[in-house]
Each structure stands twice: as structure tokens, then as C-alpha cells.
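Working notes, beginning with the structure itself.
One-based numbering, in listed order, for ligands and for the atoms of each. The structure presented is a predicted model; accordingly, all values stated were derived computationally and were not measured.
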Amino acid sequence: MRFSSNVKPYVLLLIVGIFLLLGYVYFSFFSERLNRDILIDEDQKRTNLSQLVFKSRVRNLVSPEKLLYKQPSVLVGRTDVVSVTPWLAPIVWEGTYDPVLIDNIYKPMKLTIATTVFAVGKYVRFLQDFLETAEKHFMVGFNVHYYVFTDRPDDVPSVNLTQGRHLSVIQVPVSNRWQEISARRMEIIQTTIERQIRREADYIFCLDVDSKFHARWGSESLGRLVAVIHPGYYEQTRDHFPYERRPASTAYIPMDEGDYYYGGAMFGGFVEDVYTLTKVCRKRFEEDAGNSIEAAWQEESHLNRYLLYNKPSKVLSPEYLWQDFKAQTKEVKVIRFSGVIKNYAEVRPNV
Ligand code: UD2
């Protein structure tokens, strides 16, 4: 098509301008989508971690002199399970570590382990068993600071805590949707780390309250970024994982990606690393909410997306997250922490 000579030059300039603008909009939209995970770095920059002081720090693994323990073998060990990820992070199973040796390495460090647990609405009823069994099995011999988040502070049971263990109750609002209560944990953990935990603890574990400890959960679980393999999916192929599958969600994971399906009932690590995790997941949850999308399994979906591209440095086997309704399998030699059977319709504010 030829422009007739009576088309003014400024009209031509206007047309060229419109095309340039459309090109810019198209390019920025797609580059934003392609670079979505680079946003993590942006988040880290905006978080201004350099201005936040954290107690967490890397220490050498010093073993006491003359400590006697079983000689480790490079030939004999567990062969029925995989105990290392393809990025060389340990997967912790019974028989892959020496509890005497590992405790003797970590105990002299005088670490404080923050443990967050939410008991909102009727979930406050699970606190007593959670705390009593934690006192028997969870990080025994370490300083543990429980942070109990609840809307019912008066109903928090008084449980005898052994020396070096403390409990703080922090009041949080209730919601009429369990999905909201579960997912908002990321935001509340983030802001509590910012406000106090970063100065008070070396490591943090964030746990579901409707659970009990049944056996040792100790220093073998400590790491920079720690996740647990969900007991319901460890025998499945990745296309069966209940990841968020809608590309419109920021928790989206395509069918041909994914390492393991991690449980939302536990994540942990250095306070600094968990801070970034909660900040990113919270931001993405809110971004989705702004687009009227809620990921399939709320914060668990965002956690899985985060961990796919920010690999955990230690992975706990399903020994560390079982479910009471599930029969024990032969590879799980010890059930350490397990979700109790609950009547969902009765304990949740909505169905
Ligand atoms: C799964 C996950 C859970 C979470 C959820 C996502 C496992 C074993 N569990 O459990 O961690 O990712 O899916 O939606 O991986 N809560 C309250 N009051 C409420 C509801 C929830 O305090 O009314 C807290 C409480 O600490 C509870 C946690 O949120 O343990 C998770 O809620 P859930 O146990 O009802 O979720 P569930 O069983 O679907």
C-alpha cells in the first residue's frame, strides 16, 4: 500500500510511535514471564538483607577429640532408598547418620531453634499433644523457642518445658476461610522473623500443629534450607504431583518439571533463608490474590514452586512427615512426626 502524498509527516510519525509502543509492551510482558524467577533476586534486593541483622551463621563442623563412634563405611549403608538428591543435598533417613556424632558436633554450638506453630480457631486443641510430644522428641538438648500464633491466647495449654526451652504466644487474627489461615502463615512468619526471630534464633522450623512427634527429630535435620518430602507422593511420578498447574498462577509448575512433592507442614533452615522463602511466597500469594487466583494447595503450592528453583540444602525423608491414617511402609523405619486424623468439617471454619 502506498501512502498518498497528502498524508502529513506527523501522521506517519504517530503511526511509527504506536508500533514502537506496542512492541515495548509486548516485549516487557513476555520478558517478565520468562524471567519470573529472577524476581527472587529482586525480592532479595528489596528485602535489603544487608540491613537486617541475623543471628544465623555458618559454623565449622567441629567434632570433639577422642569421641568414640562407629566407623563410617563407604561400602555398607542403606541401599533401599536414595539418600542424596541430584544436586547433592542429603536426604535424611534412619541409618544415614550417626546421632551420637551429629549431636556432639552441633550441641557445643549452643544453638537456638525457633519453632513456629499456628493454632487458630479450633486448632488450638492440637497444641497440648504437639508441645508435650515435642518436649520428648524434638531437638532435645537444644534451646528451643516456640512461637505459638493463635487468636485464643487464653486456651494455650501450660506445658512443662525443660531447661533452655521457651514459649511465646503471639495473637493473630482469625479468618473464616481455612485456606486463608493456612496461607497467611507465610506473611506472619516473615514479619515475626523481621521483628524478633532474626535476633533470637539460629535456625527455624515452621510446623503444622495437628501433628505429634513419635521419635527423635534432632540435629540431623539442621541445614541452610530444609524441606520435607510429602508422605503421600514419594512413590509417584512428577506428573501426578498436585502442583499448581495453571500458568496464570505464580505457583505454576509445568508437567515435565519438579523434583519431589514437598509437604507444607514443615520447612526450615537458617532464619535468613526462611525469611526470604516466606517473603517470596507471601508476595506471590498476594499477586495471585490480586488476579483472583488461589493456588491448588495455597502456600504449599508456592513452597513447591520456590523450592524447585531454590534447591533445599537438606531434604528430610517422609519419616519426618507422616500421616496417622497411612500404614507404615517398609522403607520408613521410624515415624518421627505424623499428622493426626482430624474431622476436617468439624475443626475448620469452612468446608
Ligand atoms: C496440607 C499441609 C499443610 C498446608 C495445607 C495447605 C501437610 C501434611 N499438610 O494440610 O501444611 O500446606 O495443606 O492448605 O503437608 N490452621 C489453623 N486453623 C485453621 C486451619 C489451619 O491453625 O482453621 C493451621 C494449623 O497450624 C494447621 C495448618 O494451618 O496445622 C495447616 O492446615 P491443615 O492442617 O488443615 O491443612 P491440611 O491438613 O490440608
With respect to Asp202, which candidate in Lys110, Arg57, Arg59 satisfies the salt bridge (Lys or Arg N to Asp or Glu O under 4.0 Å) definition?
Arg59

Decide whether an N or O pair under 3.5 Å exists between [X] and ligand 1.
| X | result |
| --- | --- |
| Trp178 | no |
| Val209 | yes |
| Val120 | yes |

Quick one: look at Glu299 and ligand 1, take heavy-atom pairs under 4.0 Å, and tell me if it's side chain, backbone, both or neither.
side chain

Of the side chain and backbone of Ile181, name the one, both, or neither that has a heavy atom under 4.0 Å from an atom of ligand 1.
side chain

Minimum distance, heavy atoms only, to [atom]: which one of [options] is it?
| atom | options | result |
| --- | --- | --- |
| atom 37 (P) of ligand 1 | Arg185, Glu300, Arg348 | Arg348 |
| atom 21 (C) of ligand 1 | Tyr261, Tyr123, Phe126 | Tyr123 |
| atom 13 (O) of ligand 1 | Trp322, Trp297, Phe149, Phe130 | Trp297 |

Identify the closest protein heavy atom to [atom]: which residue and atom is it, and at what distance?
| atom | result |
| --- | --- |
| atom 38 (O) of ligand 1 | Lys342 NZ, 2.8 Å |
| atom 30 (O) of ligand 1 | Asp210 OD1, 2.6 Å |
| atom 24 (C) of ligand 1 | Phe118 O, 4.1 Å |
| atom 14 (O) of ligand 1 | Gln298 OE1, 2.5 Å |
| atom 9 (N) of ligand 1 | Asp208 OD2, 3.3 Å |
| atom 7 (C) of ligand 1 | Ala265 CB, 3.6 Å |

Determine whether any heavy atom of Ser182 lies closer than 4.0 Å to an atom of ligand 1.
yes

Out of curiosity, is Gln179 lining ligand 1, as in a heavy atom under 4.0 Å away?
no

Are more than 12 heavy atoms from other residues, nucleotides or ligands located less than 6.0 Å from atom CG of Asn160?
no

Just checking, any donor-acceptor pair under 3.5 angstrom between side chains of [X] and [Y]?
| X | Y | result |
| --- | --- | --- |
| Tyr146 | Glu135 | yes |
| Tyr309 | Glu257 | yes |
| Ser182 | Glu299 | yes |

I'd like to know whether Asp103 forms a salt bridge (charged side-chain N to carboxylate O under 4.0 Å, His left out) with Arg216, so could you lay out the CA-CA distance, the side-chain angles of the two residues, the decisive distance to 0.1 Å, and finally the verdict.
CA-CA 12 Å; Asp103 276 350; Arg216 174 197 163 99; 2.9 Å; yes

Nearest heavy-atom neighbours spanning Asp129 and Thr133:
O-OG1, 2.7 Å

Decide whether a cation-pi geometry holds between Arg336 and Trp217; the criteria are a distance under 6.0 Å from NZ or CZ to the six-membered ring centre and an angle within 45° of the ring axis.
no

Over 60° means perpendicular and under 30° means parallel, so tell me whether Trp93 and Tyr234 are parallel, tilted or perpendicular.
perpendicular

Using a strict 4.0 Å cut-off to heavy atoms of Ala119, name the atoms of ligand 1 that fall inside it.
22 (O)

Check: Phe149 ring centroid to Phe118 ring centroid under 6.0 Å:
yes

So, for Tyr106 and Phe142, is the gap between ring centers shorter than 6.0 Å?
no

